[in-house]
Amino acid sequence: YQRRVHGQSLEPEYKSAAKALKSEAPSVALAKVDATQESDLAEKYGIQGYPSLKLFKNGEFVRDYNGPRSSSAIINFMKKVSNGEEIIEEEPTEENEGDYPPEEEAPNEEGENAGPEVESKGVINLDSYTFDKIVGTNLFDVLVKFDVAYPYGEKEDEFVQFTHRVANISLTKSASFLVAQVGVEDYGDKENDDLRVRFNIKTEEFPVYRLFKRSDTNKLGLRYTDTIDVDSLSRWISQEIGLWIGRPGCLEVFDKLLIGLSNLEANEKKKRLEKATQEEKNVDPSELKSASYYVRIMKKVVEKGFDVQKEAERMERVMESKISDNKKEEMKVRLNILASFGAKITVKKPTTPEPNPEEEGEDDEI
């Protein structure tokens with residue numbers, strides 16, 4: 001019984017053990033149940049944490065497996081079961097347990113302990129057989145993530161957020177863009193390792209992103225080299241193929257005016273600002289607040305070299321103070337807009353908020 005993310009670290013060990021037992025002990029089998037989908041079974045067998053390993057014989061529950069979560073330990077245990085030997089489980093240690101996270105508490109009826117959303121959305125899983133049927137066909141622009149077979153951690157969380165952001169784009173705008181991933185195994189049959197070699201990727205570099213454009217003759221794709229976070233990935237895709245992937249509250253026309261702004265000459269920056277000022281007059285009334293904030297920050301950036309990162313950090317600190325929910329939502333949108341300017345948005349611990357240092361006496365600022 002397993003549940004992502006903790007179940008992922010057991011997965012390669014479990015899969016390796018299953019392959020070995022097919023030939024070494026054909027009378028036994030390893031199976032798995034997704035307890036988030038089979039809640040009745042999880043309740044029937046008293047699943048309290050994930051992943052849980054249980055032994056069944058002739059359809060009847062026999063005992064829990066509490067030994068090490070390595071493939072070798074699981075194989076030895078099941079061989080003893082197959083041979084009818086007395087089973088004395090080896091105690092888990094740092095040496096035989098491997099890089100395995102602690103058991104995760106199961107969510108209760110109110111949904112507590114359920115953890116964050118960890119499922120990617122709309123991602124195509126490619127392998128050595130399907131890769132060339134999707135990539136390089138001149139039908140799609142394809143962003144491919146090459147990674148370990150069962151990724152987890154902060155970089156994977158950022159990728160998941162990116163896939164959700166892409167999935168929220170209307171189909172008419174994103175129909176020619178696909179997000180895919182290749183899971184590379186460095187054990188057992190080493191599935192998809194040939195693709196890693198083909199694209200000159202070292203395992204210690206994972207995850208590696210490559211963009212394969214429809215019109216590009218470069219068969220190796222364009223490699224992404226910036227920070228792996230949802231905003232940086234979104235900006236890169238927007239720059240490379242023109243597909244806008246915006247944060248909530250952001251406006252496409254203004255985000256596109258920001259592309260490459262910092263690299264322009266002073267006179268070209270002023271032209272972008274003039275264009276933004278004109279676009280502000282054309283927006284829908286419901287978008288006017290966002291549009292006005294874009295223009296105000298762009299004016300400061302162009303004319304004064306305004307530090308958007310410092311402003312984002314100040315705003316995050318203010319959000320931790322006692323302000324109304326409405327004002328907090330408004331500031332979330334402003335933070336998203338500052339991210340479009342290149343600011344890195346982080347989650348901070350509560351601190352004493354600073355007074356508003358903004359100039360020009362704008363009375364609608366915090």
Side-chain angles (χ1 to χ4, degrees), residues 154 157-158 161-162 164-166 168-169 226-239 243-264 268-270 272-280 283-284 286-321 323-366:
E154 291 182 4
D157 293 342
E158 293 291 334
Q161 291 183 56
F162 173 78
H164 279 256
R165 191 175 291 183
V166 172
N168 287 330
I169 303 173
D226 201 354
T227 306
I228 297 178
D229 62 68
V230 58
D231 292 319
S232 297
L233 277 170
S234 298
R235 281 196 300 271
W236 185 63
I237 293 298
S238 297
Q239 292 169 3
L243 175 66
W244 179 69
I245 308 173
R247 279 173 165 253
C250 292
L251 304 177
E252 180 176 2
V253 64
F254 293 96
D255 274 358
K256 288 187 173 180
L257 286 173
L258 296 180
I259 295 176
L261 179 68
S262 60
N263 298 323
L264 297 178
E268 291 298 322
K269 289 181 179 179
K270 289 181 179 179
R272 290 278 185 98
L273 176 58
E274 292 172 1
K275 177 66 174 174
T277 302
Q278 185 60 41
E279 291 291 348
E280 181 185 8
V283 299
D284 186 274
S286 64
E287 299 175 335
L288 185 56
K289 275 192 174 183
S290 289
S292 297
Y293 191 68
Y294 270 104
V295 173
R296 184 159 68 244
I297 297 300
M298 185 182 279
K299 182 178 176 66
K300 291 182 178 183
V301 169
V302 171
E303 296 180 353
K304 304 176 182 179
F306 186 62
D307 190 337
V308 293
Q309 182 62 45
K310 185 176 180 180
E311 173 62 8
E313 292 171 358
R314 182 195 70 83
M315 194 169 291
E316 285 183 315
R317 290 193 293 270
V318 174
M319 286 184 65
E320 298 294 343
S321 64
I323 60 176
S324 68
D325 290 341
N326 287 339
K327 182 58 71 173
K328 187 169 290 188
E329 289 303 313
E330 181 180 334
M331 295 188 74
K332 284 181 181 178
V333 171
R334 291 184 177 183
L335 274 174
N336 288 342
I337 293 173
L338 289 172
S340 294
F341 279 87
K344 301 294 184 183
I345 308 302
T346 59
V347 178
K348 291 186 172 294
K349 300 287 185 181
T351 58
T352 303
E354 297 178 5
N356 177 23
E358 288 235 21
E359 304 172 5
E360 303 169 13
E362 294 153 336
D363 58 7
D364 65 333
E365 292 285 321
I366 292 297

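All residue numbers in this chain count up from 1 along the given sequence.
A distance of 12.0 Å separates CG of Asn336 from CE of Met331, quoted to the nearest 0.5 Å. Interatomic distance, CE of Met298 versus NZ of Lys270, reported as 14.5 Å (0.5 Å rounding). If you take CG on Leu261 and CZ on Arg272, they are separated by 6.0 Å, rounding to the nearest 0.5 Å. Here CG of Asp255 is found 8.5 Å from CZ of Phe341. Values are rounded to the nearest 0.5 Å. To the nearest 0.5 angstrom, Ile228 atom CD1 is 12.5 Å from Asp157 atom CG. Separating the CD1 atom in Ile345 from the CG atom in Leu335 is a distance of 4.5 Å, to the nearest 0.5 Å.
With hydrogens and angles disregarded, no donor-acceptor distance shorter than 3.5 Å links the side chain of Tyr294 to the backbone of Leu258. A donor-acceptor contact shorter than 3.5 Å links the side chain of Ser238 to the backbone of Leu243. Judged purely by atom type and a 3.5 angstrom limit, Arg334 has no side-chain atom pairing as donor or acceptor with the backbone of Ala312. For Arg235 (side chain) and Ala339 (main-chain N/O), a donor-acceptor pair under 3.5 Å exists by modelled atom type.
Side-chain polar atoms of Asp229 and Thr227 form no donor-acceptor pair below 3.5 angstrom. Side-chain atoms of Glu274 and Gln278 form no donor-acceptor pair, as typed in the model, at a separation below 3.5 Å.
Counted within 6.0 Å of CG on Asp325, heavy atoms from surrounding residues, nucleotides or ligands total 12 or fewer; the atom is thus considered open. Atom NZ of Lys256 has more than 12 heavy atoms from other residues, nucleotides or ligands within 6.0 Å. Counting heavy atoms of neighbouring residues, nucleotides and ligands inside a 6.0 Å radius, atom NZ of Lys344 exceeds 12 of them.
For Phe162, the ring pair (Phe, Tyr, Trp, His ring centres under 6.0 Å) criterion is met by no residue, not counting sequence neighbours. Applying the side chain to side chain contact (heavy atoms under 4.5 Å, CB included) test to Lys332 and every residue at least two apart in sequence or in another chain returns Met319, Lys328, Glu329. Checked against side chain to side chain contact (heavy atoms under 4.5 Å, CB included), Leu288 has the following partners two or more places apart in sequence or in another chain: Glu280, Val283, Ser292. Taking Trp244 as the reference, nothing meets the ring pair (Phe, Tyr, Trp, His ring centres under 6.0 Å) condition, with sequence neighbours excluded. Take Asp226 and apply the side chain to side chain contact (heavy atoms under 4.5 Å, CB included) test, not counting sequence neighbours, and it matches Tyr224, Ser232. With sequence neighbours left out, the side chain to side chain contact (heavy atoms under 4.5 Å, CB included) criterion links Asn263 to no other residue.
Taking 4.0 Å as the cut-off between side-chain N and carboxylate O, Arg165 and Asp231 count as a salt-bridged pair. A salt bridge links Glu279 with Lys275: the closest approach of a Lys/Arg side-chain nitrogen to an acidic carboxylate oxygen falls below 4.0 angstrom.
Ile337 is not listed as a side-chain neighbour of Ile297, based on a closest heavy-atom distance of 4.5 Å or more. Between Lys269 and Leu273 there is no side-chain heavy-atom pair separated by less than 4.5 Å.
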Inset, instruction - Please test Ser286 against Asp284 for side chain to side chain donor-acceptor pair (under 3.5 Å), starting from the C-alpha separation and ending with a verdict. - result: CA-CA 5 Å; Ser286 64; Asp284 186 274; 2.6 Å; yes
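The nearest pair of heavy atoms linking Ile323 to Val318 is CD1-O, 4.2 Å. Val333 and Ser290 get closest at one heavy-atom pair: CG1-OG, 3.5 Å.
Checking each of Met315, Glu313, Glu320 against Arg317 for a side-chain contact (heavy atoms from CB on, under 4.5 Å) leaves exactly one that passes, namely Glu313.
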